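Scroll down for the structure; my scribbles are underneath it.
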Amino acid sequence: MIIIMRPGATKDQIKQVEEKIISLGFKAHPIFGEIKTVIGAIGEKRLLDTPAITNMPGVEDIVPIMKPYKLACRELQQTKTIIQLDDITIGGPEIVIIAGPCAVESEQVFYATAHKVKKAGAKILRGGAFKPRTSPYSFQGLEEEGLKMLEIARQETGLKIVTEVIDTRDVELVAKYADILQIGARNMQNFRLLREAGTSGKPVLLKRGLAATIEEWLMAAEYIISTGNSKIILCERGIRTFETATRNTIDISAIPVVKELSHLPIIVDPSHATGTWKYVDALSKAAVAAGADGLIIEVHNDPSHALCDGPQSLRPEKFTQLVEELKAVASAIHRRI
Ligand code: PEP
Ligand code: MN
């Protein structure tokens, strides 16, 4: 249920409603708008004792939230969630570019790539230190050694860091180094991990599961928000379909659909969506044109020797050219890079 307070309702009136909601066994989730405050009453129970609330001073109306993802939905919060990381704004007019190799492999390659993506216009550096690989015999990541390299790259370049966490036991460690925690496609429904990541208080980049519907994805986001952390960046990274020409099939429709259903920002990963560097250019442009709030692109200094996802990684020169071309696409839809 959403309790809509009258314009000009006092702080005291808002507090009283919150206390009432809590006494009825719900969680109160206030959102302070410029004109009105709305309070989400979130809980397992379906029905709130409405007369007890409607008659309270300052209350204008009560409306049910029809969606199962109560905190992530637009019905509760009409304004977009904007995530601020110092001077970087995710979900605002600017389109944020995240780039870097799939995995942190070696100091030499990683720092060189970091400097190049920064020069090209990326604001956030990616690089996995814990890799969720399909085969147990593939490179699994450098773990804390890799996290330390991410830290050095941040100091050297000023880029913010996003890196994946694959296990609840590592959340504290990864959060010590990362500016944004990534939950990968394979873990989208690892509910304990979602909760732990949410509790860390860090922004969370939540990738869409390989075979997840948009509703399942938003329910995963709901797990994070329900910990009190609404700094969530949704990431469309392609889904499994019958098509085999690309690694996955990018769901461009997810961008406008998610924007209609949720207030959370959405970015696109064209690298994992296609599996082939040649297609990254076209799909990056399509994603920006469709309204994505950002892109996460794999870039490697030497893709043919990459330990992970070389075939879908752009060389820095190609990435630089792509960012330049994306500026025109962004400006055509009145946004900027
Ligand atoms: C990644 O971004 O490194 C990754 C493993 O992606 P996904 O979870 O989308 O497969
Ligand atoms: Mn990868």
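One-based numbering, in listed order, for ligands and for the atoms of each. Predicted model only: the values in this text are computed from it and were never measured.
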Completion exercise
atom 4 (C) of ligand 1 sits nearest the protein heavy atom His272 NE2, 3.5 Å
Exercise for the section: Starting from atom 5 (C) of ligand 1, find the nearest protein heavy-atom neighbour and note its residue, name and distance. Expected result: Glu164 OE1, 3.7 Å
Exercise for the section: Could you list which atoms of ligand 1 come closer than 4.0 Å to a heavy atom of Gly184? Expected result: 8 (O)
Exercise for the section: Report the angle formed at the Mn ion (ligand 2) by atom OD2 of Asp309 and atom SG of Cys102, rounding to the nearest 10°. Expected result: 100°
Handout entry: Contact atoms of ligand 1, heavy-atom distance to Ala185 under 4.0 Å
Key = 7 (P), 8 (O), 9 (O)
Practice task
Could you say whether the N/O atoms of Pro132 and ligand 1 ever approach to under 3.5 Å?
Solution key: no
Exercise for the section: Evaluate whether atom NZ of Lys119 has more than 12 neighbouring non-hydrogen atoms of other residues, nucleotides or ligands under 6.0 angstrom away. Expected result: no
Practice task
Decide whether His300 and Asp309 meet the rule of one side-chain donor and one side-chain acceptor closer than 3.5 Å.
Solution key: no
Problem - Which atom of Ala211 lies closest to which atom of Glu216, heavy atoms considered - result: O-OE1, 3.9 Å
Practice task
Tell me, please: is Arg208 in heavy-atom contact with ligand 1, that is, under 4.0 Å?
Solution key: no
Handout entry: Residue Arg237 vicinity, atoms of ligand 1 by number, heavy atom under 4.0 Å
Key = 7 (P), 9 (O), 10 (O)
Problem - Distance (rounded to the nearest 0.5 Å) between Phe130 CZ and Glu143 CD - result: 4.5 Å
Practice task
Look at atom CD of Glu60 and say whether more than 12 heavy atoms of other residues, nucleotides or ligands are closer to it than 6.0 Å.
Solution key: yes
Handout entry: atom 6 (O) of ligand 1 - nearest protein heavy atom and its distance
Key = Lys207 NZ, 3.0 Å
Practice task
Please report the C-alpha distance between His115 and Glu156 in whole Å, then the side-chain angles of each, then the deciding distance to 0.1 Å, and finally whether the side-chain hydrogen bond (donor to acceptor under 3.5 Å, both in side chains) criterion is met.
Solution key: CA-CA 8 Å; His115 281 286; Glu156 279 193 13; 2.9 Å; yes
Problem - Polar contact flag for Asp269 and ligand 1 (N/O pairs, less than 3.5 Å) - result: no
Problem - Distance-only polar pair, side chains of Asp251 and Ser253, donor-acceptor under 3.5 Å - result: yes
Exercise for the section: Give the intermediate values and the outcome of salt bridge (charged side-chain N to carboxylate O under 4.0 Å, His left out) for residues Lys202 and Asp179. Expected result: CA-CA 7 Å; Lys202 293 271 174 168; Asp179 298 297; 5.1 Å; no
Practice task
Just to the nearest 10 degrees, tell me the angle at the Mn ion (ligand 2) spanned by Glu298 OE2 and His272 NE2.
Solution key: 90°
